[in-house]
Amino acid sequence: MALRVYNTLTRQKEPFQTVHPGKVGMYVCGPTVYKPSHVGHMVGPVIFDTVKRYLSYLGYQVTFVVNITDIDDKIIAEAARQKRDWKELAESVTADYLENLKQLGVTTIDHFPRATEHIADIQRIIQGLIDKGYAYAVDGDVYFSVPKDEDYGKLCNRDPEQLEAGARIEVSDKKRNPGDFALWKAAKPGEPKWDGPWGPGRPGWHIECSAMSMKLLGPTLDIHGGGLDLQFPHHENELAQSESYSGLPFVRFWMHNGLMKIRSQSRKIRADDAAGDDGLQKMSKSLGNEIVVREVLKKHSPEVLRFLLLSTHYRSPIEYSEERLGELKRGLDSFHRFFERYQRITGESFYQLPAPSRRGAFEPGGTHADFLAEVGRHRDAFLDCMDDDFNTGGAIGALYELLNTLNRFADAHQLESGAPAASAVADFRRGTMVLRELSQILGLFREPPAAPSAGQDRLVAGLVQLLIDLRAEARKAKNFAIADQIRQRLAELNITLEDRPGGTGWRLG
RNA sequence: GGCCCCUUAGCCAAGUGGUAAGGCAGCGGAUUGCAAAUCCGCCAUUCCCCGGUUCGAAUCCGGGAGGGGCCUCCA
């Protein structure tokens, strides 16, 4: 199957085609940096990081750009509130954002352009729009003239005439039409400003994305991504100004990810008796229900959070809850346990396994052809899901089936006990390599999970081993009362023992 | 008022015309001295409701109910 991608512009899945064969320019709207990121801000980066991983796996050379909007009304307002320098605020929030991305394994972004570093590019586009008659300057402001753009509204199916009916549009007597939006805003006294042909001021909200994306990726992007809530007005306006400026199609594929939701306290109470009201709301600052990423990572591993974001199709809304995270951790743990098992069997770390970085054919062969053929079927299922508009939820299902196949093979061939056939271990390794290959596409299992602090403590490890040895003696002597007491008391300390063919192991949790 | 989207088991979730993946939880079994881990089996005759198209629909069309997003800043 060939890759198909859902395009918001046409509202259907289309065969993926790029402007330049083999190359992909991908731009995703990043944050306006005035407050620490909440988990909703991670959805896009994780999704599009996975998109890039998969496109690279398919052989595309992908340039991935995420902008940082570091000048905006909200930044100015928040800095004033905190009595802080706006620039310093923007920088510290940016650092928080970048650290969160790193934690979540979002490692494929090539450029993080800042709006303040592209003022000249922004001004050039604004001037171009004025020259072409799409924009007009008034008292130091510059506005985009919506009626001049015949196909304005095509992304969101919006009729400019009806924008007036909304009545929620910012009133301004400077605008010629209610739907017109600012490209350049004149600075009020004390506000940050850059000199420009229309007077000192700063860029409007949408223009920085047009300027930076076209500068880094050319006039036509292959993929433009962002949250569903950015469709209008942000992307609609970006589209309008970019195409009016360049005269070329701005984006091949518009991709929008679903929003993070959270069960709100106030409605949860009602939901208990009111059937049908699930009490879910979008996570947002205005509703005061945001969960800051930094806080989440104090309690949960970043891998669980990433797993959550990939467990649902990217266009669907996704609920954030502690229960769900716990549930997913249990699922993830079964993979981690397998990796330890793999190491016991082969003496090799799963995380060191080589895996093809490019998609190729999987040739079963081997001594245990049925087993490898089954591995191949799961691999095909995984890749078919990814080909179908990056269906990560379905792909994860295939990953679980692959895990089951591998465990079953290890059981059936008693790889952990006695002296297993070398051919069985070799085929087992080949099968496991496929799990490594596929999980890398999702950015999962890149490194061993961080052991809880107690697990790294040599004293603790020594003491637990001592008790395991004593228990082994007791078991040998058939003194099960003592043996069980040791296990029970350890369990109370959150230490679980596992008696395996090769000896007893332990883990926290 | 306008524009979009969603509704699959206790929960999460894949599935866009061919007879319901997967996970969590639960239950039964193998294994174990007993557990844990792993494995096996069970767990939606049915996909919000009502019509229609079709040999055949969770999937297409029409209507209804419920939920959500956008139209103002939002990932």
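Lettering follows sequence order; numbering is per chain, from 1.
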Minimum-distance nucleotide (side-chain atoms of S316(A) versus A14(B), A75(B), A21(B)):
A14(B)
Say you pick atom C1' in C6(B) and the same atom in G15(B); how far apart are they, in whole Å?
15 Å
Within the pair N157(A) and C4(B), is there a side-chain N or O less than 4.0 Å away from OP1 or OP2?
yes
Touch class at under 4.0 angstrom, heavy-atom based, for G227(A) against every strand present
sugar-phosphate
When you measure only distances, ignoring hydrogens and angles, does the side chain of E327(A) come within 3.5 Å of the base of G23(B) through a donor and an acceptor?
yes
How does protein contact run along nucleotides 31-42 of chain B, one letter per nucleotide 5' to 3', with B for base contact, S for sugar-phosphate only, - for none, heavy atoms under 4.0 Å?
--BBBBSBSS--
Across the strands shown, which category fits M42(A) at heavy-atom distances under 4.0 angstrom: base, sugar-phosphate, nothing?
nothing
Return the minimal non-hydrogen interatomic distance between P45(A) and L101(A), and the atom names on each side.
CB-CD2, 3.5 Å
Mate of U19(B) across any strand shown (Watson-Crick or G-U wobble, both atom pairs under 3.5 Å) is none
Straight-line distance of W506(A) CH2 to L497(A) CG, nearest 0.5 Å
9.5 Å
Distance flag, aromatic centroids of F181(A) and Y143(A), threshold under 6.0 Å
no
To the nearest Å, how far apart are L308(A) CG and C11(B) P?
18 Å
Are side-chain heavy atoms of Q343(A) and E340(A) found at a separation under 4.5 Å?
no
Looking only at the side chain of M283(A) (C-beta and beyond, no hydrogens), which of the listed nucleotides A75(B), C70(B), C12(B) gets closest?
A75(B)
Does the ring centre of H378(A) sit less than 6.0 Å away from the ring centre of F382(A)?
no
Round to the nearest Å and state the distance from R315(A) atom CZ to U16(B) atom P.
11 Å
Roughly, in whole Å, what's the span from NE2 in H256(A) to C1' in C6(B)?
17 Å
Between C1' of G15(B) and OH of Y400(A), the distance in whole Å
18 Å
Using 30° and 60° as the class boundaries, would you call the ring planes of H256(A) and W254(A) parallel, tilted or perpendicular?
parallel
Looking only at the aromatic ring of each residue, does the gap between the centers of F371(A) and F428(A) stay below 6.0 angstrom?
no
Would you mind classifying the nucleic acid contact of H234(A) as base, sugar-phosphate or nothing, using non-hydrogen atoms under 4.0 angstrom?
nothing
Could you identify the nucleotide paired to G10(B), looking across every strand shown and requiring Watson-Crick or G-U wobble geometry with both distances under 3.5 Å?
C24(B)
What integer distance in Å separates L155(A):CG from C71(B):P?
14 Å
Remember a base hit wins even if backbone is also touched, and classify G226(A) as base, sugar-phosphate or nothing at under 4.0 Å, heavy atoms.
sugar-phosphate
Give the rounded distance in Å between these two atoms: CG of N237(A) and P of C70(B).
16 Å
Return yes if the base of C70(B) and the side-chain atoms of R158(A) contain a donor-acceptor N/O pair under 3.5 Å, otherwise no.
yes
Report the distance from atom CG of D73(A) to atom CD of E191(A), rounding to the nearest 0.5 Å.
7.0 Å
Is the distance between the ring centroids of H368(A) and H413(A) under 6.0 Å?
yes
I need the CZ-P distance between F382(A) and G22(B), as an integer number of Å.
17 Å
Strictly below 4.0 Å: does K282(A) bring a side-chain N or O up to OP1 or OP2 of C70(B)?
yes
Between G68(B) atom P and K261(A) atom NZ, what is the distance in whole Å?
7 Å
Does C39(B) have a Watson-Crick or wobble mate here (both distances under 3.5 Å), and if so which one?
G29(B)
How far, in whole Å, is A58(B) from G52(B) if one measures between their P atoms?
15 Å
Residues of residues 94-110 of chain A with any non-hydrogen atom less than 4.0 angstrom from an atom of RNA chain B: list those, numerically ordered, please.
none
Got a second to check how far H224(A)'s NE2 is from T8(A)'s OG1, nearest 0.5 Å?
10.5 Å
Just call it for G30(A): base, sugar-phosphate, or nothing, with non-hydrogen atoms closer than 4.0 Å on any strand.
sugar-phosphate
If I pick the C1' atom on U7(B) and the same atom on C50(B), what distance separates them, to the nearest angstrom?
16 Å
Which nucleotide wins on minimum distance to the side chain of F232(A), given the candidates A75(B), C70(B), G15(B)?
C70(B)
Using the P atom in both, what is the distance from A36(B) to C24(B), to the nearest Å?
15 Å
Would you say the ring centroid of F253(A) lies under 6.0 angstrom from that of F16(A)?
yes
